[in-house]
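To start, the structure under review is shown below, and the notes come after it.
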Protein chains: 2
Amino acid sequence: MYTKTDIVNIAGKLFSERGYHGTSMRDLAKVLAVRGATLYSHVESKEEMLWEIVNRAADEFLAAAAAVPQDSSPEERLRLLVHGHLDVIARELPYATVFFHEWQFLEPSLREQIKERRDAYEQHFRRVIEDGIEQGCFQAEDARVATLFVLSALNWTYQWFRPDGSLTIEQLAEQYNALIQRSLKADI
Amino acid sequence: MYTKTDIVNIAGKLFSERGYHGTSMRDLAKVLAVRGATLYSHVESKEEMLWEIVNRAADEFLAAAAAVPQDSSPEERLRLLVHGHLDVIARELPYATVFFHEWQFLEPSLREQIKERRDAYEQHFRRVIEDGIEQGCFQAEDARVATLFVLSALNWTYQWFRPDGSLTIEQLAEQYNALIQRSLKADI
DNA sequence: CCTACCGATCGGTAGG
DNA sequence: CCTACCGATCGGTAGG
């Protein structure tokens, strides 16, 4: 009746609403209108679902960053990174929410893999900011803090952005870009 | 042996590390070296502890905002709001973490009270940004998005700022202020 | 996909 | 502060 993908999608929705530990396998089974035991013919464990969700969100973020052409200017690359980040959050809001909120409940070895992917993602932002400072189009006292500032402003949007609201993702990205670019723009 | 405050403080630490649903009353009792049942002579329920933690964090944020003199310039008021916010996060990192992460697990009537306090807090930021735009020292396409941008950048710091790290809260506040003020500064 | 069931643990109470 | 215990529910398995 259901594929593993269906089950993981529903799990993503429930985990994002109630948290990983606040969602039971029977809660999930009820939504799918099957018995709890049936889930185990599709997935190995509850944690496997969390892993699939979190890892797929990481895939999406990294794919968006990888699509940014490296030969563009720092301003343009940052603009695309910001747009791509917000676009992933808007398209995959439940997955992104679980990614930000629940990844810590993975067992240590899986958690470590997510940390590495998250660090790799942050490096895309760090590099573009450092390149901009070097080339004189950006300024910042500390590139690390500036990177965390930008990513903080972006990450938290999963808490308040609603894809069905009156603010479109394009409008949000445009305004966020105006604010971020100004915060980093070199004087003169 | 233990006061209610002691118990709630430990609960704040555990909830911030493992989540509300990921922490059992027996986990908490073990840290305090008592039996699980003993906790109930100090607190009414697990949820009461969550409420105490979340509500106290709200107290701290609102108190910091209320301490900002209303007759200062928008730039100065925003500077103080940013500093105050980061200061609360640094001083009360476990409480702030639970506030941001676990408030949704309160029952509806308590959750509603937190929402109202959070909205009142956001209004402090919204007003100062609108005042700045009106007076011509700030610019933003949409004051609401600008407010959420600033608060997003601030809120997420609980995820990465460590009070025992090499970056002090004063350094962080100063750099955040430089970035935020530039993001809003009117041209010319 | 089901029924039936496992041991462990959950938040919480009774009674001292 | 304790022992003893409650019913409910947890993630997961056996076997079909």
Side-chain angles (χ1 to χ4, degrees), chain A residues 1-55 94-95 98 101-111 114, chain B residues 1-55 94-95 98 101-111 114:
Chain A
M1 222 55 157
Y2 293 105
T3 66
K4 183 171 172 180
T5 307
D6 293 331
I7 292 171
V8 173
N9 278 342
I10 304 286
K13 195 158 168 285
L14 291 188
F15 290 175
S16 75
E17 288 167 359
R18 314 177 191 179
Y20 177 65
H21 284 124
T23 307
S24 73
M25 293 301 271
R26 284 165 181 82
D27 290 339
L28 178 54
K30 189 172 279 179
V31 173
L32 294 160
V34 297
R35 302 287 166 179
T38 302
L39 296 171
Y40 290 92
S41 55
H42 294 92
V43 297
E44 274 188 11
S45 66
K46 191 184 179 189
E47 191 179 23
E48 191 209 348
M49 292 191 291
L50 179 58
W51 168 252
E52 298 264 350
I53 293 162
V54 168
N55 202 39
Y95 276 49
V98 176
H101 235 89
E102 315 290 338
W103 69 276
Q104 54 175 319
F105 299 127
L106 290 166
E107 55 149 283
S109 73
L110 298 178
R111 198 164 59 215
I114 293 300
Chain B
M1 221 52 159
Y2 293 105
T3 66
K4 184 170 172 179
T5 308
D6 293 331
I7 292 172
V8 173
N9 278 342
I10 304 287
K13 195 158 168 284
L14 292 188
F15 291 175
S16 75
E17 289 166 358
R18 314 177 190 178
Y20 177 65
H21 284 124
T23 307
S24 73
M25 292 301 271
R26 285 164 183 83
D27 290 340
L28 177 54
K30 190 173 278 179
V31 173
L32 294 161
V34 296
R35 301 287 167 180
T38 302
L39 296 171
Y40 289 92
S41 53
H42 294 91
V43 296
E44 273 188 12
S45 66
K46 192 184 177 188
E47 191 180 23
E48 191 209 348
M49 292 191 291
L50 178 58
W51 168 253
E52 299 264 349
I53 293 163
V54 168
N55 203 40
Y95 276 47
V98 175
H101 234 90
E102 315 290 338
W103 69 277
Q104 55 174 317
F105 298 126
L106 289 166
E107 54 150 283
S109 73
L110 299 178
R111 199 165 57 214
I114 293 300

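Every chain is numbered from 1 and lettered A, B, ... according to where its sequence line falls, protein lines coming before strand lines. Owing to the predicted nature of the structure, the values given are computational and were not obtained by experimental measurement.
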(request) Look up atom CD1 in A/Ile10 and atom OG1 in A/Thr5, then write down how far apart they are to the nearest 0.5 Å. (result)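 The distance works out to 11.5 Å.
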(request) Report the C-alpha separation of A/Asn9 and A/Tyr95 in whole Å, then their side-chain angles, then the decisive distance to 0.1 Å, and conclude whether the side chain to side chain contact (heavy atoms under 4.5 Å, CB included) test is met. (result) CA-CA 8 Å; A/Asn9 278 342; A/Tyr95 276 49; 2.6 Å; yes
(request) At under 4.0 Å between heavy atoms, which parts of nucleotides 2-9 of chain C does protein reach? Answer with one letter per nucleotide, 5' to 3': B base, S sugar-phosphate only, - none. (result) BBB-----
In whole angstroms, how far is the [atom2] atom of [N] from the [atom1] atom of [X]?
{"X": "B/Asp27", "N": "C/dC10", "atom1": "CG", "atom2": "C1'", "result": "11 Å"}
{"X": "A/Glu47", "N": "D/dG11", "atom1": "CD", "atom2": "P", "result": "12 Å"}
{"X": "B/Leu50", "N": "C/dG12", "atom1": "CG", "atom2": "P", "result": "12 Å"}
{"X": "B/His42", "N": "D/dC1", "atom1": "NE2", "atom2": "C1'", "result": "8 Å"}
{"X": "B/Tyr40", "N": "C/dG15", "atom1": "OH", "atom2": "P", "result": "18 Å"}
{"X": "A/Lys30", "N": "C/dC1", "atom1": "NZ", "atom2": "P", "result": "18 Å"}
{"X": "B/His21", "N": "D/dG11", "atom1": "NE2", "atom2": "P", "result": "12 Å"}
{"X": "B/Glu44", "N": "C/dG11", "atom1": "CD", "atom2": "P", "result": "16 Å"}

(request) Run the numbers on B/Val98 and B/Tyr20 for side chain to side chain contact (heavy atoms under 4.5 Å, CB included), then give the verdict. (result) CA-CA 8 Å; B/Val98 175; B/Tyr20 177 65; over 6 Å; no
(request) Check side-chain hydrogen bond (donor to acceptor under 3.5 Å, both in side chains) between A/Glu52 and all other residues, then give those that pass, not counting sequence neighbours. (result)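 Partners of A/Glu52 under the side-chain hydrogen bond (donor to acceptor under 3.5 Å, both in side chains) test: A/Lys4.
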Of all heavy-atom pairs between [X] and [Y], which one has the smallest distance, and what is that distance?
{"X": "B/Phe105", "Y": "B/His21", "value": "CD2-CE1, 3.4 Å"}
{"X": "B/Val34", "Y": "B/Tyr2", "value": "CG1-CE1, 4.4 Å"}
{"X": "A/Pro94", "Y": "A/Ser16", "value": "O-CB, 3.6 Å"}

(message) Run A/Leu110 and A/Val54 through side chain to side chain contact (heavy atoms under 4.5 Å, CB included) and show every step you take.
(response) CA-CA 10 Å; A/Leu110 298 178; A/Val54 168; over 6 Å; no
(message) Once side chain to side chain donor-acceptor pair (under 3.5 Å) is applied, what residue pairs with a partner in residues 32-47 of chain B remain, sequence neighbours excluded?
(response)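 Applying side chain to side chain donor-acceptor pair (under 3.5 Å) to every pair that reaches into residues 32-47 of chain B, excluding sequence neighbours, yields nothing.
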(request) Using the side chain to side chain contact (heavy atoms under 4.5 Å, CB included) rule, take B/Met49 and B/Ile7 through it: C-alpha gap first, then chi angles, then the decisive distance, then the call. (result) CA-CA 8 Å; B/Met49 292 191 291; B/Ile7 292 172; 3.9 Å; yes
(message) Considering only residues two or more places apart or on different chains, which pairs with a residue in residues 15-31 of chain B satisfy salt bridge (charged side-chain N to carboxylate O under 4.0 Å, His left out)?
(response)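 Residue pairs passing salt bridge (charged side-chain N to carboxylate O under 4.0 Å, His left out), neighbours aside: B/Lys13-B/Glu17, B/Arg18-B/Asp27.
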(request) Tell me which nucleotide among D/dC1, D/dG12, C/dG11 gets nearest to the side chain of B/Lys46. (result)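 Nearest listed nucleotide: C/dG11.
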(message) Taking the minimum atom-to-atom distance to the side chain of B/Ser41, which one of D/dC1, D/dG11, C/dG11 wins?
(response)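 The listed nucleotide nearest to B/Ser41's side chain is D/dC1.
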(request) Within residues 7-20 of chain A, find the residues that approach DNA chain C with a heavy atom at under 4.0 Å, and present them sorted by residue number. (result)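 Under 4.0 Å from DNA chain C: no residue of residues 7-20 of chain A.
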(request) Using five base pairs at each end, measure the axis-to-axis angle across the helix from C/dC1-D/dG16 to C/dG16-D/dC1 and round it to 10 degrees. (result)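 Overall, the helix from C/dC1-D/dG16 to C/dG16-D/dC1 bends by 0° from one end axis to the other.
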